[in-house]
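Reviewing the structure listed below.
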Amino acid sequence: MDDSNSFVVVANRLPVDMTVHPDGSYSISPSPGGLVTGLSPVLEQHRGCWVGWPGTVDVAPEPFRTDTGVLLHPVVLTASDYEGFYEGFSNATLWPLFHDLIVTPVYNTDWWHAFREVNLKFAEAVSQVAAHGATVWVQDYQLLLVPGILRQMRPDLKIGFFLHIPFPSPDLFRQLPWREEIVRGMLGADLVGFHLVQNAENFLALTQQVAGTAGSHVGQPDTLQVSGEALVREIGAHVETADGRRVSVGAFPISIDVEMFGEASKSAVLDLLKTLDEPETVFLGVDRLDYTKGILQRLLAFEELLESGALEADKAVLLQVATPSRERIDHYRVSRSQVEEAVGRINGRFGRMGRPVVHYLHRSLSKNDLQVLYTAADVMLVTPFKDGMNLVAKEFVANHRDGTGALVLSEFAGAATELTGAYLCNPFDVESIKRQMVAAVHDLKHNPESAATRMKTNSEQVYTHDVNVWANSFLDCLAQSGENS
Ligand code: GDG
C-alpha cells in the first residue's frame, strides 16, 4: 500500500489522452477538464491519486506523476471488459434508464457480470493505492458498485460517491433486474451526492421501496431505513443501513472553471463572423452526439422557423458542433444519421452556394475554438430531453458576463434550476423551442436591456458557484459525514 495517497479520486477515465503508436509503444499526455480543475487543489495539496482507465484497451501503462505531483494510476480494461462494462451495461443499460427511457434500456446478464467484474477491478486498484484512513471520491454511474466493494475491502476509508447524470424516479429504476445490488453498492459510501434535490429525493424514495423487496428476498425487512436530518447542502438526509452506518445524501450542482471560459480573442471572433458572411443572428449548439441532447429537435425548430419566415435564411445561421460519442452503440448511430440527414435537408432547402444555413462539425474542437464559438454566438441552444446538469450552458453564460447573448435552455436540464435568466423550453414540443428561439431573438433586437439583465443573472450565478464551490462543498460534507453515527 502506498501511504502517501490520503486523497484518491476514482473515475471511469483518467484525465489523459493516450496514443498507441504503430510499433506498439504509446504516449500519454494530461488532458485537464472541469473535474480535474475542481479537484486539482485537493489532489495537489495531498499529492493525491487519480485511478481510472487511460482510454485504450489492453494497454497497461505504469502509474506516473503529473508535473503537479498527482499520481495517475491506470486500470487496464480488456476489449471484452470495454464492450460489456462500458458500451453495454454503462451506456446501453444505465444511461437510457437514468435518462428516463428516451430509448429502451437493454437488460443483459453478461453485461451485468462484466460491470461487476470491472467495478471490482477499479475497487482493487483503489484499495492498493489508498493510504490508511484515506478519503476516496468515486465518480459516476460506471462505478456504482465501487463504494460497496471498497467498504468491504477497506472499512477504514472515507468514501464519497457523486452521480453526474440524473437519478430517475423509483418507478423507472425498479425495472432494473439488479436494482438491489446497485443501491447497496451506492450505500457503501459515507456520502452520496447528486446534482439536484429532485435526484436525491428519488434516491431516498427508492431506498425505502427497494428495502421492502430486498427485505422479503434476503430476510432483512429493515435493510434500508430512511430518516431525515439536516446534514448537507440543499437537502439534508441520511439512510441507515443494516450494518448500522449512516449514509448522508445531498445535492451538489456541479459547475465549471470560470477562468477557462472568459471571452475569446476579438480578432478570432471577427474572422469567424466574416467567414459566416456576417449573419444577423448566430445560433449555436455544442453537444456530444447523444440522443439525450435533443439535437434533432433543435434542427427541426430551426427548419420550421425558416420555413415560416420567422427567421430569414440570409440573416440567421446555426452552428452545430456534435462531438463524436459512443459510436459503436446502435442508438448513437441512428441519432447521428438522423441529425446529418436533417442538416443536409435544411441546407438543401434554405442554403445558397457558399452560404449554408447550418454549419455542422462532427469532431472535437480545441477549448480555444469552442470559446470563439461561444463569444460569436447570439443565441445558445441547449435542448436536452434530460441532462444531469449541462456544462455547455454554464460555459456559454460564463463567456457572456457582459450581458450579451441569450440562452435557450431545456427545462429538463439540471442547469435550468440555477440559470433562471434562460429562455426555458420543453424540448419534446418543437413549438416551445421555436417560441423561445423567437423570444430570444426578439429581446436581443428590441428589448436589449431585458436580455442583458437575463444574461447577467445567469453569469452571476455561475461566477458565484463555480467548480471549486462544488468540489469544496461536497468534500466538506464528506468530512462531516458519519460523525454522529
Ligand atoms: C455529463 C452529464 C453533466 C463538448 N464538445 C467539445 C468539448 N465539450 C465539452 C464541453 C463541456 C463538456 O464537454 C460536456 O459537458 P456536459 O455537461 O454538457 O455534458 P456530458 O458530456 O453529457 O456530461 C452532464 C456532466 O457530466 C458533468 O457532471 O453536466 O449532465 O451528462 O465541458 O465544453 N470540449 C472540447 N471540444 C469539443 O468539441 N474541447
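What you see below is based on every heavy atom in this structure, not just the backbone, and it leaves out hydrogens, waters and symmetry mates. Atoms within each ligand, like the ligands themselves, are counted from 1 in listed order.
- In terms of polar-atom proximity, Leu365 is counted as a contact of ligand 1, with an N or O under 3.5 Å from an N or O of the ligand.
- Here the heavy atom of the protein found nearest to atom 24 (C) of ligand 1 is Asp387 OD1, 3.3 Å.
- Between Val118 and Tyr82, the closest side-chain pair of non-hydrogen atoms is not below 4.5 Å.
- At distances below 3.5 Å, not a single donor-acceptor pair connects side-chain atoms of His238 with backbone N or O atoms of Val249.
- By the definition of a contact as any protein heavy atom under 4.0 Å away, atom 12 (C) of ligand 1 is not in contact.
- Under the 6.0 Å distance and 45° angle rule, Arg116 does not count as a cation-pi partner of Trp178.
- Interface atoms of ligand 1 facing Leu370, defined by a heavy-atom separation under 4.0 Å, are 7 (C), 33 (O), 34 (N), 35 (C).
- Atom 9 (C) of ligand 1 has Lys367 NZ, 4.2 Å as its closest protein atom, hydrogens excluded (heavy atom only).
- Side chains of Asn390 and Asp387: a donor on one and an acceptor on the other come within 3.5 Å.
- Contact annotation for Asp290 and ligand 1: no heavy atom of the residue comes within less than 4.0 Å of the ligand.
- Between Phe167 and Phe98, the ring planes are perpendicular. Angles over 60° get that label, and only those under 30° would be called parallel.
- Protein non-hydrogen atoms do reach within 4.0 Å of atom 29 (O) of ligand 1.
- Per-residue contacts place Gly388 under 4.0 angstrom from the following atoms of ligand 1 (heavy atoms of the residue considered): 30 (O).
- Close to ligand 1: Trp95, with a non-hydrogen atom less than 4.0 angstrom away.
- Aromatic ring centres of Phe194 and Phe252: separated by at least 6.0 Å.
- Of all the heavy atoms of Thr323, the ones lying under 4.0 Å from any atom of ligand 1 belong exclusively to the side chain.
- At a 4.0 Å heavy-atom cut-off, ligand 1 touches Val392 through backbone and side chain alike.
- Between Glu395 and ligand 1, at least one N/O pair is under 3.5 Å apart.
- In this structure, the ring of Phe85 has its center no less than 6.0 angstrom from the ring center of Trp53.
- For atom 21 (O) of ligand 1, the nearest protein heavy atom (residue, atom name, distance) is Arg288 NE, 3.0 Å.
- One option in Met260, Met389, Lys293, His164 has a heavy atom closer to atom 20 (P) of ligand 1 than any other, and that option is Lys293.
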Per-pair distances, 0.1 Å, donor-acceptor, side chain in residues 258-274, under 3.5 Å, sequence neighbours excluded:
residue : atom : partner : partner atom : Å
Ser265  : OG   : Ala268  : N            : 3.1

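- Between the side chains of Ser473 and Asp476, not a single donor N or O lies within less than 3.5 Å of an accepting N or O.
- In terms of polar-atom proximity, defined here as any N/O pair under 3.5 Å, Phe162 makes no such contact with ligand 1.
- Listed by first then second residue, pairs satisfying salt bridge (charged side-chain N to carboxylate O under 4.0 Å, His left out) with a partner in residues 388-412 read Lys394-Glu418, not counting sequence neighbours.
- Evaluated by nearest non-hydrogen atom to atom 16 (P) of ligand 1, the leading choice among Val467, Asp287, Leu391, Ile256 is Leu391.
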